[in-house]
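Below is one structure, written out as structure tokens; the observations come after it.
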Amino acid sequence: MTTSGTTTRPTTAQPGETLFARGARFLNRYSMAVALVLVVVVFAFTTKGILLRDQNISNLVVQNGYILILAIGMVMVIIGGHIDLSVGSIAGFAGAAAAILMVQYEVPWWIALILSLVVGGLAGAFQGFWVAYAKVPSFIVTLAGMLIFRGLTIALIGARNIGNLPEPFVFLGAGYVSTGAESGPDLLTLAIGVLIVAGIVGWQIVSRRRRTRHGEKPGNPVYFIAGLVVVSAAILWLSYSLASFRGLPVVLIILVVLGVGYTVLMTRTVIGRHIYAVGSNRQTAQLSGVKDRRIDFFLFVNMGVLAALAGVIITARLNLATSGGGTGLELEAIAAAFVGGAAVAGGTGSIAGALVGGLTIGIINNGMSIMGLGTQWQQTVLGVVVLLFVAFDIWNKGRRIRR
Amino acid sequence: MTTSGTTTRPTTAQPGETLFARGARFLNRYSMAVALVLVVVVFAFTTKGILLRDQNISNLVVQNGYILILAIGMVMVIIGGHIDLSVGSIAGFAGAAAAILMVQYEVPWWIALILSLVVGGLAGAFQGFWVAYAKVPSFIVTLAGMLIFRGLTIALIGARNIGNLPEPFVFLGAGYVSTGAESGPDLLTLAIGVLIVAGIVGWQIVSRRRRTRHGEKPGNPVYFIAGLVVVSAAILWLSYSLASFRGLPVVLIILVVLGVGYTVLMTRTVIGRHIYAVGSNRQTAQLSGVKDRRIDFFLFVNMGVLAALAGVIITARLNLATSGGGTGLELEAIAAAFVGGAAVAGGTGSIAGALVGGLTIGIINNGMSIMGLGTQWQQTVLGVVVLLFVAFDIWNKGRRIRR
Amino acid sequence: VGLTGCSADDGAGASGGTVGILMPGVQSVRWQIEADTMTKGFEERGYDTAVQFANDDAPTQVQQMEDMITQGVNALIVVAVDVQSLGGPLADAKAADIPILSYTRLLSDTDAVDYYTTFDYKAYGAASGHSILSALGVEDADGNPTGEKGPFSIEIVNGSPTDSVAYDMWAGYEETLQPYVDEGVLTIPSGQSTFDQSSTLNWTGEGAQSRMENIITSTYSDGTKLDAVWVPFDGMTRGVIAALKSSGIQPGTDAWPVLPGGDGELDSIKSILAGEQYSSAWIDVITLANGAVTIVSDVLDGGDWPEPDTTTDNNAIEVPTTLSPVVNVTKDNVQEVLVDSGFYTAQELGL
Amino acid sequence: MEPTDLLVMRGITKDFQGIKALDGVTIDLRRDEVLAVCGENGAGKSTLMKVLSGVYPHGSFSGEILLDGEVVEMSGIAQSEDRGIVIIHQELALTSTMSIAENIHLGNEVRGRLGLIDWEETRRRAAALLAMVGLHENPSTLVGDLSVGKQQLVEIAKAFSKDVRILILDEPTSALTDEESEHLLGLIADLKQRGIASIIISHKLNEIERIADRVTVIRDGAVVETLPKSEITQARIIRGMVGRDINHLFPERLPKTVGDEVLRVEAWSVQDAADPSRRRVRDAHLVARAGEIVGICGLMGAGRTELALSVFGRSYGSGFSGDVFVDGVKRDVSTVSKAIDAGIAYVTEDRKTLGLHLDDDVVQNIALPSLPRLRRRGFVDEDAEIGAANAFKGSMRIKTPSIFAPVGQLSGGNQQKVVLSRWIFTDPRVLILDEPTRGIDVGAKFEIYTIIQELAASGKSVVFISSELPELLGVCDRIVAMREGEITGELPIDQATPEKLMELMTLERTRDDD
Ligand SMILES: Nc1ncnc2c1ncn2[C@@H]1O[C@H](COP(=O)(O)OP(=O)(O)OP(=O)(O)O)[C@@H](O)[C@H]1O
Ligand SMILES: Nc1ncnc2c1ncn2[C@@H]1O[C@H](COP(=O)(O)OP(=O)(O)OP(=O)(O)O)[C@@H](O)[C@H]1O
Ligand SMILES: [Mg+2]
Ligand SMILES: [Mg+2]
């Protein structure tokens, strides 16, 4: 969940750039990480260290898991030049569908899970159709979708609250994986942490080698090693914290798998590159053989499935489906993507950025909540944070805004 | 509130166009009016005529007044290439401020009114600053603004509900103007209706003459007269309905003044044309000497003031200010603008269109409510309507969407 | 449990500990009043409080409870946004030996609840129903049928379909008014008689107002008399009043219907005094809140939970319960119920 | 300063984020003269004119501007227009969703009573200005419905709507036909008679030769020299611009063998995209062979771009009919990716908005259409794309700080080389180049011509669409002429002359069964 260099797009070595430009590039690239660290430090202070307690670390992951899942889909939609206002409604709809299937129709939990992801995908496909083939701007389609799917959720579940969901289903949202041993930090969690660190270090070294092979300057090895050490330390510390509380949250596992998978999708596959191309200049992309409509359609189907997954996880975590489930999540997901460096005009952004952005917002909320600030102030602060982050980003990158 | 020919942009006479193009142009220009008539007819049937009762006509105007006021500001913002998600929050904030000033500080109602408009203007200026001068996309600024002003509203008014507002203030939102005579339709209302009709007919004839004088083809006189007759009949019928109930709603007076004023602003003044220019193509507008930042700033200040006015009217109508006042209004205002033919990309749209769009949505809601459909279905139907209208519009105009 | 880092370190308590208070949201005045009352009460007993309002959003509340447990509160008083959704953090709290008081809304499907003090929402809805019945003379003051056959026309303005509380109140309607509707003593001329048809999204006054206006237009503009509107919440009653007025029905006239409400909000009490609203279902939230303070402080001081009036099944265990009565405030008993108890001052009410 | 100087810009220095675009430029403009400013792409010509016209306001550059001998400080476009300095920008500054009349008066509205806009008067004045520039269109027509050439005339009419003392034209003729250019140059001469001085920027040196009284040559943001009327010849200007003599405007034709037929377009017809009742391309037959460079000439709106775009994956138009054969096999070219698969590549005439992702780096721009081919085990082979970009940087002589620099930072000529690389990398059988030298300087043009020759020599088939007959005559093996959507004839290079081609381009329609 850190912006390790490996997840950014391959615009790295810039031979012969000035010191000024080099500094700016560092800020560009690591501003989010710097901001995250800053936020952590500030709130560690104001909460008198509660922020960093093992239990709170675990809470943070679980509390923000579903928003981060949404943020992944959202940043892709935004990179493709669209927006999706309907994710909260689709999450609510899919969560309600899962609960009704399991409780009312006694469908096994995993079938219900799959069906509700399908429902999300269909909802996304519905919207994708209008965006891609009827050429209705995504803002309008998803505004309509937000109303439609919220209405359908209320129609589906009414004022009933469906609770008492099957154990394994609840485990998805609220479960922890561990050896189950009574004393000391959980060894499984620790082991996984070490494995991840080993993976990252290995991969970094391999890609550094490859870059050198192409005759590029690989950058200062001191920075390289320092970066690796910092990232490794952070991950080890995180896994130690989790191990000391209850083990690895299931949500975190889902999140890591999605984060890595979608990062690879966006940076290393044709479809990912086409998403960036469509978002930054649709016409040029079309004339380069990119099937822009398919890309649009894919983005919304994908967002629908991820929204459904988030909805399922919320439902599982609360052990309850309600007609209002997921309300307002679109705003948090959008905020995460923008705080994480995506641009309204499309073409810019990254999965890692969105995750860090979402986590930053999550930590701020968590910190304020521990400090006992009222939710009204939390809202206000969230608004101010989003504004300042994006303004800083714009100022920093000197990006030209197209609209 | 009909799209009379005078309110469309001055690109009318197209000599030598084909029949096909002529038909398309007619649809383009009158599709909204046609849709409105269609909606009225359908719901007049499904509600067994209740829709067209005098009292319901009056209700329709009063229930939708504040949304239409917001729609005026919103369509301007959208024409300028922006969006404003914060209007509901600003409306709530300004309404709460007005109530607190009057009840807690015992400020006279008209000073409270002015102050709360100023508050709205300042909130708009705050957002306008970020949009115009920090170049942060309006979507983000107003997303932040939505959170910030809602938070501030809760902070301001908390859980208190402030009611029992001064009579003259309540009159703004819930009052009617009439001669006060007991029996028969109100003569004042009728007289005003007749005056308006006379004004429209006179103006149309004068501008037709002037057009002829300049050697332009004035179009078929049959259509011209038919159009005038239809519009006049509609206005007379509306005023008769209102006269038969309680007279002229104060909100309608405000609305007509704003509608006419802003239509003139958008079509006949430099600032209005510059809003269109900035929205259609910012760079070319800049190169033509348009001060695009000032335009942006103006748009948001203006929207803030109108949002505050809407907030005041809601508060007055309900005789109550709450921390949740105005929630979700942004969606209705945005929907009105888009249903009324505005384009997401900016540069297209009209005040009249937004008003007709808002009214269409209002009639649909009203009709469904009379039919006793649950609120969930109302939401769903609203979503579907917005989607279909915009899709039809896009198909109809064959407009190229830029994102 | 380690008890470091309490949030409220303004020194007032010289703290014996911190009590976490979880409230649903600020849309209704009473939660604020109760939170304030509790904070004051606990301060007097030497405890700090940490109060959170959840914006009526269940996930937010889960998060707030988790954060409070992390923070190390010593006891929890919970008004759930959603009574079933807090199972996870409640289990954590129980594991951490934190006493849990379920306040006004029973936390269900969990064994992690020690005690329940309440009134019930069904009684709330029923109170509104009884108001209508007695005002119309269908029942006498003691709630016995008088044999009055009506027929009287009523309309229904329900709470939000997204909120289970609305359903509880609706149960009160079904208990009190539905039998008479079935008999034909009461009629619903608009035909909008189901929960879905009569619901008001998010409990808003605007929503109630628009819907009422439309009903009046469709059903009562021909002069049919509307005798009563069943509304369980003051905020919506105000919308109904505004709708009636804008339709030309004036308070004080014969055409003015019986309008109940709920929560005893200040402005609505004024409305009752002005003869616009008929009644407001009210529970003495200050006494209820102070009761909660006493119970929890006693437990924190090392005492036991008090003897319950009864127990309530929450789908997992039988929870010890004390009940507070619901009172119907009308013009006649405002002084007695609200002023004498100190809930409002006479000056506030303009008495 | 001589008393005849109307305008002097002295020591103008302007930089963009540390990069100097102008470095101490001093120029002067005399009363009653036409001054030409010449220089390679990126020399700083447009930037200098933007400084003069207030686009870059006072304070954002250093140096001073003297008008009539007095120092003036312009804080915006309005201030410079107030002083009679009017610019027609290189990029069109028209709003396509507004009418001609509105565009002409945008920022300069005609106000009547109450300060409201007087639309009648606006239209009347616009009509008069249109007549003046020789554009026969209704002032109420939307600008978006006009061809680029006509839009350029609207720009000029817009300039005349103001009170002009100094008219600046930044490449006004790059999108005009010879006829339209002719008309425009005539107008400029007229203006001179009426005491309005002009500054003109153009890469069409023959026009400069004809119209300019003096030429100031700029290279790398600095003035190299100013030539008096007597010294103005194309060769002399070029020497100033590139710093050496260029003896040949066109590269040697490389030895090559014209081989088999590669592209055959048969009975190709296309309707207008927006108005299906109008035909854009009509029964076109076109053949291009391996190793051959086929030119397509035609006036603006002749349908060359439409022909190319529609063959290239139906990217323009509606109601297509006809067949496309590549290497003798009939191919489905109904989408761009199918056209690419069939071995067709199209280099657009509008490289900024249709040809490049300006924010993306050189590597990604070159790789984009080839990504499906670069897939290895499901992933994009980064080694391959970076390797290719490096190779093209060398072979195409792309001047860029790094292959990871955003292409938006490159000069026009180098951007064009990136676009060419992008399409050569798809390894096409036939390359269709649409105005590949538009708006780029002589040096870069020569390099592009060289690349075209090399491509043909390597056995590719090249279709070269251009509005400039000299370059077609200098580069092609065979030239096809189009007029109003029809192919009106073709000439092998040894028979082609400008006169014959012009005759084909303006030929009356032979059949009138439309
Ligand atoms: N807004 C800008 N930001 C950054 N660099 C710029 C900007 N505008 C121009 N430049 C740079 O300044 C230099 C001069 O550009 P300019 O447009 O003046 O050249 P030009 O002589 O007009 O070229 P052409 O013949 O291609 O129009 C170029 O290197 C260009 O990349
Ligand atoms: N990608 C496109 N999409 C829609 N319209 C296009 C596209 N490309 C070109 N056009 C339209 O084609 C019309 C004619 O183009 P143009 O005048 O360029 O024709 P041409 O024969 O190619 O001439 P030239 O090549 O000299 O410009 C213009 O109105 C332009 O708007
Ligand atoms: Mg230039
Ligand atoms: Mg062309």
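Letters A, B, ... mirror the listed sequences (proteins, then strands); counts begin at 1. None of the values given here were measured: they were computed from a predicted structure.
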Next item on the list: Would you mind checking which part of A:Leu318 comes under 4.5 Å of any heavy atom in chain C, side chain (CB onward), backbone (N, CA, C, O), both or neither?
Entry: both
Next item on the list: Heavy atoms only, distances under 4.5 angstrom: which of A:Asn366, A:Asn319, A:Val62 has the most pairs with chain C? Name it, please.
Entry: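 Looking at each of A:Asn366, A:Asn319, A:Val62 in turn, A:Asn366 comes out on top.
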Next item on the list: Examine whether an atom of C:Ser199 lies under 4.5 Å from a heavy atom of chain A, and if so say whether it belongs to the side chain, the backbone or both; otherwise answer neither.
Entry: neither
Next item on the list: Against chain A, label C:Gln52 side chain, backbone, both or neither, depending on which of its atoms sit under 4.5 Å from a heavy atom there.
Entry: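 It is the side chain, since no backbone atom gets that close.
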At what distance, to the nearest 0.5 angstrom, does [atom1] of [X] lie from [atom2] of [Y]?
X: C:Asp92; Y: A:Asn59; atom1: CG; atom2: CG; answer: 7.5 Å
X: A:Ile154; Y: C:Ser160; atom1: CD1; atom2: OG; answer: 7.0 Å
X: A:Leu60; Y: C:Asp67; atom1: CG; atom2: CG; answer: 7.5 Å
X: C:Gln71; Y: A:Gln55; atom1: CD; atom2: CD; answer: 11.5 Å
X: C:Thr70; Y: A:Ile50; atom1: OG1; atom2: CD1; answer: 8.0 Å
X: C:Glu66; Y: A:Ser369; atom1: CD; atom2: OG; answer: 9.5 Å

Check: Can you find a side-chain donor-acceptor pair between A:Asn365 and C:Gln63 that sits under 3.5 Å?
Finding: no
Checklist line | Evaluation steps, side chain to side chain contact (heavy atoms under 4.5 Å, CB included), between A:Asn164 and C:Asn315 | finding: CA-CA 10 Å; A:Asn164 290 320; C:Asn315 230 350; 4.1 Å; yes
Next item on the list: Sequence neighbours left out, what passes side chain to side chain contact (heavy atoms under 4.5 Å, CB included) with C:Thr37? Give chain and number order.
Entry: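 Once residues adjacent in sequence are excluded, the partners of C:Thr37 under the side chain to side chain contact (heavy atoms under 4.5 Å, CB included) criterion are C:Ile33, C:Ile286, C:Ala289, C:Asn290.
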